[in-house]
Structures are given as structure tokens and as C-alpha cells.
Amino acid sequence: MGSRSSHAAVIPDVDSIRRETGFSQASLVRLHHRFQALDRNKKGYLSRMDLQQIGALAVNPLGDRIIESFFPNGSQRVDFPGFVRVLAHFRPVEDEDTDQDPKKPEPLNSRRNKLHYAFQLYDLDRDGKISRHEMLQVLRLMVGVQVTEEQLENIADRTVQEADEDGDGAVSFLEFTKSLEKMDVEQKMSIRILK
Amino acid sequence: MERGAKEKNHQLYKPYTNGIIAKDPTSLEEEIKEIRRSGSSKALDNTPEFELSDIFYFCRKGMETIMDDEVTKRFSAEELESWNLLSRTNYNFQYISLRLTVLWGLGVLIRYCFLLPLRIALAFTGISLLVVGTTVVGYLPNGRFKEFMSKHVHLMCYRICVRALTAIITYHDRENRPRNGGICVANHTSPIDVIILASDGYYAMVGQVHGGLMGVIQRAMVKACPHVWFERSEVKDRHLVAKRLTEHVQDKSKLPILIFPEGTCINNTSVMMFKKGSFEIGATVYPVAIKYDPQFGDAFWNSSKYGMVTYLLRMMTSWAIVCSVWYLPPMTREADEDAVQFANRVKSAIARQGGLVDLLWDGGLKREKVKDTFKEEQQKLYSKMIVGNHEDRSRS
């Protein structure tokens, strides 16, 4: 009977979640605590409204897009494993992750998966490409009413042109990755959980 | 136990700092520039207007708030560093040895079988005396004798109630106590705040008319001296509320009003936005900071979790309620500040004195969503970054 087992036992499937996400047991316990704090009516899952109640998230211009990312495939609820799966993208990259067994699936916090998460925020219809129209819509979210339609269209056009290599007028994930190849994605898309 | 608690009062209660993630406090502009700089090797004399990587900033900030934000944790009870033998505060202390369990069992026995009946008896006495006493005083003709009796009846009954909760209160700077014609403003953690303040001073209460036992108490109290009770419907009408409060303060013979401008109970680790209504009236404001020591019993009323009766029972089965009250020097609104700035100034003074975190967020976030105006500010900041540079470009 260890010191932590009684609390971690409250989390269902904690071992498989640990393997899948790479979070330590201590981090999972804290995140579970947070999940429960957000789940105000103790339903056991989170709805969009629970996340919208977070004041600091609601004032984030991309708040709605981020909330959407928790509900893939049109679902209306996210349970704890689903919650942690998204958060796992932001786990800092540690050395042990880099020499991975090539047969094992890529860890959720790999560079590629982090970039994919950001790509998804742009790709509204999830078709694997960021069209000019989608770029425009996301830009509009970020600037609100502060910028004219014309200026925004110019920006969107320029951005798509610069990244688009095969000339199809849209930015695929490969093109997205290429245009950000020098970016220190690992560091910019990481959140460190305190012990 | 009481003496031990009194000694503890002299140091500021150590708050249990528990941010879950590491955050760097940088501004939107700095961070986006940093991201862009790390992403491209070209020289940045003309900063580009928009980069695909800008999204990383909002993305990460958003995720940080999902993991931990300043507001959500203020509406649930504070976590303790070490367990105080109350099962209700047992969040993270998993390993409970046999000895501790025995101690806890003993504690339960003492609290429920010995302390609780005593306290309930005292509470009963206190409340009935209040109702009877104020009604009797109400029959007296208006004059100095009536005021004298009313004051002492009120004080006596509140002091009995304080004993009923075993509240150990340390008052600091009593020379700054509120005077007639002023407004007393304090941070709100629970309905007990009222009892704590009213047992040391004679105030006029402000509040909504309730039914049931509260209603009986309210009706009795108002016979002895003028409190300001509002009907439910009147509460929505801000002008009416302001008018009645103004009338009350302008009459210098009337008692100082006791108001909690946060509008809702916060868990005593922070002070949230003060509603500006009380600060527009133009009276002298006497700020009061109340800080509870969570080690002996958590006084926070989580109204979405517990009803009033359950809450009072929990209070009466804790070890004790230990708190400090600081009376701060009076403040008035200066010529060049508006009500909101004045409210923030008072709030900062209270937060500083009580060792609480000063937050700009509205306590109403407990129940409602945040307003869109705050999002616009972020959007404005970002737009300036990308459009400001666009103008230089179009010229070249």
C-alpha cells in the first residue's frame, strides 16, 4: 500500500493513459484534480460549456478553436482520457522520448504531433488542407473587428502563397511543416507541469 | 486550544501556493516576436505582418488556462499544507496511518458529541435573544435610550453567536473603526463575516429580504434600528438601490452601512472585482480586511455545493474559526478618479493588508460567462502588431 496508490486508483485506466500520453503519475493526479474542478456538476465528463466557463480562455481570440480541439468527430463530451490526450501534445520533450523504439507509435508530444495540433486549429473542416478561406476565417478570429476585410485578404493571400509549394492554393500539412522547419516548436508548444 | 490559536494569529497566514504549471509573465507582443525570431533566419528589419507561427502563442496561452487559471480555483475551498484532522479537507493526503485514524476518530467524537450540542445551544440562545430583544426594543419610544438598548442588544447577541461558532477573532487597528455616515467595505468569504464584524461594531445591514428564519430575524432587527432591506425585485434596480443607500449615509445620525462589494463568496485566497455601486455614493469608505486561518476550519461558503443549514453545521463541527480583522484607515474618492478606480484602490488596500491575491476578475464568473469586451482587448493588441507593419509595407 504505497502513498499515492489510493488517489491514482480513482483514475480509471491510469496505466494505459500513462503509456499513451507519457505523463507521470503525479502529473496525471494533478490533471485529474483539475478535470474534476472544471466538471462543476460532477458529470464525469466535460462539455463545451464547462470549458467556456474558464474566463481566461474565453478572452483568448482562439478560445473557441481550442475548445473545439477537445471534441473531435462531432462528439459532445470529453472524458478524462480524451482530455489528457489533447493536453499531452503540450508535454515538454524529454530526452528519453527521442530514442524511441521505431515500432512504437509516435508519442503525442513529438514535434510532428505538436505541429499537427497547430495545423488543426487552422484547418476548420479537417480536410487536411488550409484553404485561403479558412486562413481568412482564423485571422478574423484573431483580430476581431480591428482590421478591414481588404487588409485581411491581403495578409491571407500572401501567407498562403508563401507556404504553398505545389500551387493548389491551399497549405497542406507538409507545406505547413516545411515553412516552420526552423521554428523551435518543441519549446514554444510546451507547458511544464510543476511537481 | 484558544491560546494556541491566538499565538498563531500574530503571523500572517501562509497561503498554500499551488499553481500547477510554470508560467513566464511576458506580454503578447514580446512573445510573438520571440516566436517569429526563432522561426526565421532572415533579418528582421521589417517585421513581417503575419506568420503562421503566431498561432502558437494563442494556442499555448489557451492551453495554459485550461490546465490552470486564476479564477476557477477561487470558488472552491483552499487546499491545506498539512491535514487538520477534518475529513472534509482531506484532498491530497492519501497516506493515513493507524495512529492518525485513531486521532481522527477521537476528533470526530469530540466535535460531534461534545462541541456541536454546546454550539447549537448557544446559537439558539443567541438568535432567540436577538429576535426577542430587538422586538422589545422596538416598542420603546425613539430616543437615546432606545438607541443605547438597541446597540447593546445587537452586540450581545452577536457575541453569543460568535461563541456559538467558537470564532477566535483578532481585531487590529480598532481606532479606524467605521463611524456614522460612512460605508464599511470588506472582502466576502461567508455569511459569518457579518457576525464577525457586527460583534465588534454597530452597523446597519444591507441585504435582500429572505423568507423563513432569516426573514423573521430581519423583520425583528429593523424594528430596533434602521437597516436597509431590499425586496427581490428592487435589487435589480440599481438606481433605486443607490438612492436608498445615499439617503441613509446622508443622515449623519444613521449607522455605518456594511457592504460586501464582491457580491459573492470567494474562498479567501483572493479579492475579486468590487462592484462600483457602493463607491459612487460619495461617502467615506472604511475598508476592512478579513482573513481566515484555514488550519482550524474552512469558513468558505461554496453556495453551489452546500445550502445554508449544511454550511452552518459544518462550521459548528470544525475545530474553530480563527480569523484576523484589520480596520484600514478611511478612504474617500479623489477628484480625478472615477468610481471604478476608487473601487480598485480600496480593493488593493484590502488585498495587501490581508495577504490576498488582488484579481481584476469579476466574482460573477462563478455563475456566468465572461464578457466579450475583454476578448476585444487581446484582439486589438494583436491587430496592432500585424496591421501597423502593413502600412509601412504598402508604401514601399
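Lettering follows sequence order; numbering is per chain, from 1. Here the structure is a predicted model, which is why all the values come from computation and not from measurement.
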### Task
Kindly give the heavy-atom pair with the smallest separation between B:Q378 and A:V59, and that separation in Å.
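Of all heavy-atom pairs spanning B:Q378 and A:V59, the closest is CG-O, 3.5 Å.
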#### Entry: Face-on cation placement of B:K61 at B:F58 ring, 6.0 Å and 45° thresholds
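No, cation not above the ring by the 6.0 Å, 45° rule.
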### Query
Charged N to carboxylate O under 4.0 angstrom, A:R48 versus A:E68?
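A:E68 and A:R48: salt-bridged.
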#### Entry: A:K114 and A:E186 ion-paired at < 4.0 Å
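Looking at A:E186 together with A:K114, the answer is no, because their closest N to O distance does not fall below 4.0 Å.
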Does the side chain of [X] come under 3.5 Å of the side chain of [Y] through a donor N or O and an acceptor N or O?
| X | Y | answer |
| --- | --- | --- |
| B:T269 | B:N267 | yes |
| B:Y311 | B:S190 | yes |
| B:D54 | B:Y382 | yes |

Against chain B, label [X] side chain, backbone, both or neither, depending on which of its atoms sit under 4.5 Å from a heavy atom there.
| X | result |
| --- | --- |
| A:I66 | side chain |
| A:S190 | backbone |
| A:L57 | both |
| A:A156 | neither |
| A:L115 | side chain |

### Message
Looking at chain B, which one of A:V171, A:T159, A:V143, A:L38 has the largest number of heavy-atom pairs inside 4.5 Å, strictly under?
### Response
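Between A:V171, A:T159, A:V143, A:L38, the count favours A:V143.
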### Query
Do any pairs count as a ring-ring contact (aromatic ring centres under 6.0 Å, His included) and have a residue in residues 49-76 of chain A, sequence neighbours left out, and if so which ones?
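Sorted result for residues 49-76 of chain A: A:F70-A:F83.
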### Query
Does anything in residues 119-132 of chain A get under 4.5 Å of chain B by heavy atoms, and if so which residues?
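Result: A:L121, A:Y122.
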